[in-house]
Each structure stands twice: as C-alpha cells, then as structure tokens.
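Inspection log for the structure reproduced underneath, given as structure tokens.
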Number of protein chains: 2
Amino acid sequence: MFIQIEPTSEIPIYTQLANQLIELIATGTLQTSEALPSVRSLAADLGVNMHTVNKAYHELEKKNIIQIIPKSGAVVNEISSTGPSDSQIEHIKQVMKPLIAESIVYGMDKKQILSIATSLISGIRRDEE
Amino acid sequence: MFIQIEPTSEIPIYTQLANQLIELIATGTLQTSEALPSVRSLAADLGVNMHTVNKAYHELEKKNIIQIIPKSGAVVNEISSTGPSDSQIEHIKQVMKPLIAESIVYGMDKKQILSIATSLISGIRRDEE
DNA sequence: CACCTGTTATAATAAAGTTAGAACAGATTG
DNA sequence: CAATCTGTTCTAACTTTATTATAACAGGTG
C-alpha cells in the first residue's frame, strides 16, 4: 500500500489517510470491488492506531466511496457512471469556493486557475487528456 | 461587515472567518489598503472572542493577504499584479489535489470539474467572464 | 490626556485527535 | 469444528487544538 503519513503535519492522520486512499481510487490503483486492507494490518503498516485507520475508512464510507461490510471488510465502490449527486456537487463547490477565492487574491486569473485544475486532473486520469 | 459564523460547524471559527475575509477581498468588497475592523470590534460584532479574530487575522498575514501594523491595525494588501509566487501555487495545488481526486471518484469528468471551477470564478470576479 | 490599537501572558474549559487495551460476534479458512 | 481474521464497541488516558476569559502593556490617534 503506497501511503505516506506525516505525523507532524497539521492535517489529521485520518484525513491524510482518507485523502491518499481517494487518490488511489481515483487513479485506479485501487479498483472497484477491490478489498481494502484490514484496519489492523494497515494500522500496523503505517505505525498508527487501529482506530485512526477505522476513522479514515468511515470518512470514506460517509462519502459513499467505499463500503464497509460488517465483520468482513471494506471494498471500493464503483465510480458513478451516472455522475455525481447534487449533494456531492454541493460539497465540492463548498470546499472549492474558498480555494478559488484564495487563488484570485494571489493574483491568479481564470486561465491560470483552470490550468492548475487541468494539470491535476491529467495527473490523476491520463484518459482525461 | 457581512460575515456569518456557524458556531456548530466542524470548521474552526477562525477558519470560517479567514475564508470569508478572503472572499470579501477577492470580490473587491474589501479593497486594497482598506483597514479591517479592529479585532475587538469584529469580535463583538460576531459574538466571539478577540483572540479568535486575532488568530484569523494572523492566518491571513501568514498568507500575505493582509498586513498587520503593530499597535495600529490591519490593512488589505494589494492583489499581486505579477501573479502568484511559486510557493503560493504549490499551496493551492496541494489543497486542490485531494479535492480533484474526490470529484473524479464521484464520477465527474474533466469538463464538469472545470465547469464548477469556472462558475465559482465567475461568482467572485464578474470581469473574468 | 483619554481612547483605541495590537501584543502578550496566564488560565480555564471544551473539543478533537490519537493511542491503548480489551472483549464481542460474525466471517473465513484450514 | 477450531483457529484466525474481521469490524464493532467500550473504556480510558493523553495530547493537542480551539475557544473563551481577564488582565496588563505600550504605541497610535485625536
């Protein structure tokens, strides 16, 4: 599992973990229906507590990105082919809004911001041109 | 001052404040060289502690968005006409990356993501088309 | 000189994050 | 079937962060 945790970061460990898992799923490194490592084994791998990994998994489950099957394990949900739900769009907008505002204050224009977004998308999905 | 704080939010008050101040600056509602309200008066307005406002101001100062003049007050810095610094670009990328990954997992494609970014930019800067 | 400013210090409280250990019960496997 | 692995739940302790509360200090302003 290619995950790197920075214990001294101001970003909570479970958030770092959730973010990196999302990236692995977005890139296809973790594929649909693939089982995630057990909370215990991943915790041991990363040198963190079981409950911390558990919290990260439940964050992903709240977002409908993985499915936790009680007493069994967690598997990656399929990436929606029908596109995002309204609430998912709303959530993305809400998080992206202050980031866009910050970019503008830094002197970026529309072209620069979209260029960064585009390069990040390309970095994740090669088929997205 | 058109700021709305949600005390029950999981987002820290000082972050909510900093984000909304950034928006006000990005939209031009708060203009370059304009003085921000004193930490005491804004704290009284919002019904929060002086130190909480102070922390928000220092967050903005760390990002070079405002300038705090000791014993005097805080003023809005000019929006860079030469564009963002490398470290500012790096910071934006770092925050935007997991958000893009999440969007992709939700089933958004490049077009949809850029469309959301574009609408947010337009919502802040009318002159950006 | 009053008053407002940010600064600093101390303190107390509450909430969040992290770790720890144990026990339970369903699922899996040999 | 028995051993093991799984997520779940509970309690507990600890650390850090966030928030509020006072108070005092010193420069800026009118």
Side-chain angles (χ1 to χ4, degrees), chain A residues 1 3-22 25 30 33-77 95 98, chain B residues 1 3-22 25 30 33-77 95 98:
Chain A
M1 189 67 50
I3 291 177
Q4 192 73 20
I5 297 298
E6 296 187 36
T8 64
S9 169
E10 77 287 352
I11 302 171
I13 298 174
Y14 75 90
T15 303
Q16 294 183 47
L17 224 181
N19 282 345
Q20 293 189 45
L21 287 172
I22 290 176
I25 294 170
L30 282 177
S33 300
E34 185 167 350
L36 292 173
S38 75
V39 292
R40 282 177 234 260
S41 65
L42 184 51
D45 273 9
L46 302 177
V48 301
N49 193 274
M50 176 191 74
H51 299 299
T52 304
V53 176
N54 196 250
K55 186 167 184 179
Y57 279 15
H58 277 85
E59 290 289 315
L60 296 184
E61 193 189 34
K62 261 193 249 169
K63 297 183 173 187
N64 277 312
I65 293 174
I66 70 173
Q67 191 176 351
I68 299 176
I69 301 155
K71 319 295 179 191
S72 173
V75 296
V76 179
N77 278 338
V95 180
Chain B
M1 189 68 49
I3 290 177
Q4 192 74 20
I5 297 298
E6 296 186 37
T8 64
S9 168
E10 77 287 352
I11 301 171
I13 296 174
Y14 75 90
T15 302
Q16 294 182 48
L17 224 181
N19 282 345
Q20 292 189 45
L21 287 172
I22 289 175
I25 294 170
L30 283 177
S33 300
E34 185 168 351
L36 292 173
S38 75
V39 293
R40 282 177 233 259
S41 66
L42 184 52
D45 273 8
L46 302 177
V48 301
N49 194 274
M50 178 192 72
H51 298 300
T52 305
V53 176
N54 196 251
K55 185 168 185 178
Y57 279 14
H58 277 86
E59 289 289 317
L60 297 184
E61 194 188 34
K62 260 193 250 170
K63 296 183 175 187
N64 278 312
I65 293 174
I66 70 174
Q67 191 175 349
I68 299 178
I69 301 155
K71 318 296 177 189
S72 170
V75 296
V76 180
N77 278 339
V95 180

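All chains are named by letter (A, B, ...) in the order of the sequence lines, taking the proteins before the strands, and each is independently numbered beginning at 1.
- With a 4.5 Å cut-off on side-chain heavy atoms, A:H58 and A:E61 count as touching.
- If you take CE of A:M50 and C1' of D:dT6, they are 11 Å apart, rounded to a whole angstrom.
- The CZ-C1' distance, from A:R40 to C:dT19, rounds to 15 Å in whole Å.
- Protein atom CD of B:E61 is 11 Å distant from nucleotide atom C1' of C:dG6, rounded to whole Å.
- For the pair A:N54 and D:dT8, the criterion of a side-chain N or O lying under 4.0 Å from OP1 or OP2 is met.
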Check: protein-nucleotides 28-30 of chain D nitrogen or oxygen pairs below 3.5 Å:
unit_1	atom_1	unit_2	atom_2	d
D:dG28	O4'	B:K71	O	3.4

Self-check item: Contact pattern, 5' to 3', of nucleotides 11-19 of chain D - B, S or - by protein heavy atom under 4.0 Å
Solution: -------SS

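- When side chains are defined from C-beta on, B:L21 counts as touching B:L30, because their heavy atoms get closer than 4.5 Å.
- The side-chain hydrogen bond (donor to acceptor under 3.5 Å, both in side chains) check on A:E59 picks up A:K62, with sequence neighbours excluded.
- Contact annotation: A:S38 does not reach the phosphate of D:dC5 (side-chain N/O to OP1 or OP2, under 4.0 Å).
- Regarding A:E59, its CD atom lies at a distance of 17 Å from the P atom of D:dG7, rounded to whole Å.
- Atom CZ of A:R40 and atom CG of A:D45 lie 14.5 Å apart (nearest 0.5 Å).
- One distance of note links CG of A:L46 with CD1 of A:I13; it measures 9.0 Å at 0.5 Å rounding.
- Atom CG of A:L17 is separated from atom OH of A:Y57 by 7.5 Å, given to the nearest 0.5 angstrom.
- At a threshold of 4.5 Å between non-hydrogen side-chain atoms, the residues B:I25 and B:N77 do not count as touching.
- Considering only heavy atoms from C-beta on, B:Y14 stays 4.5 Å or farther from B:V53 through its side chain.
- Atom-to-atom, CG of B:L36 to P of C:dG6 comes out at 9 Å; the value is rounded to the nearest Å.
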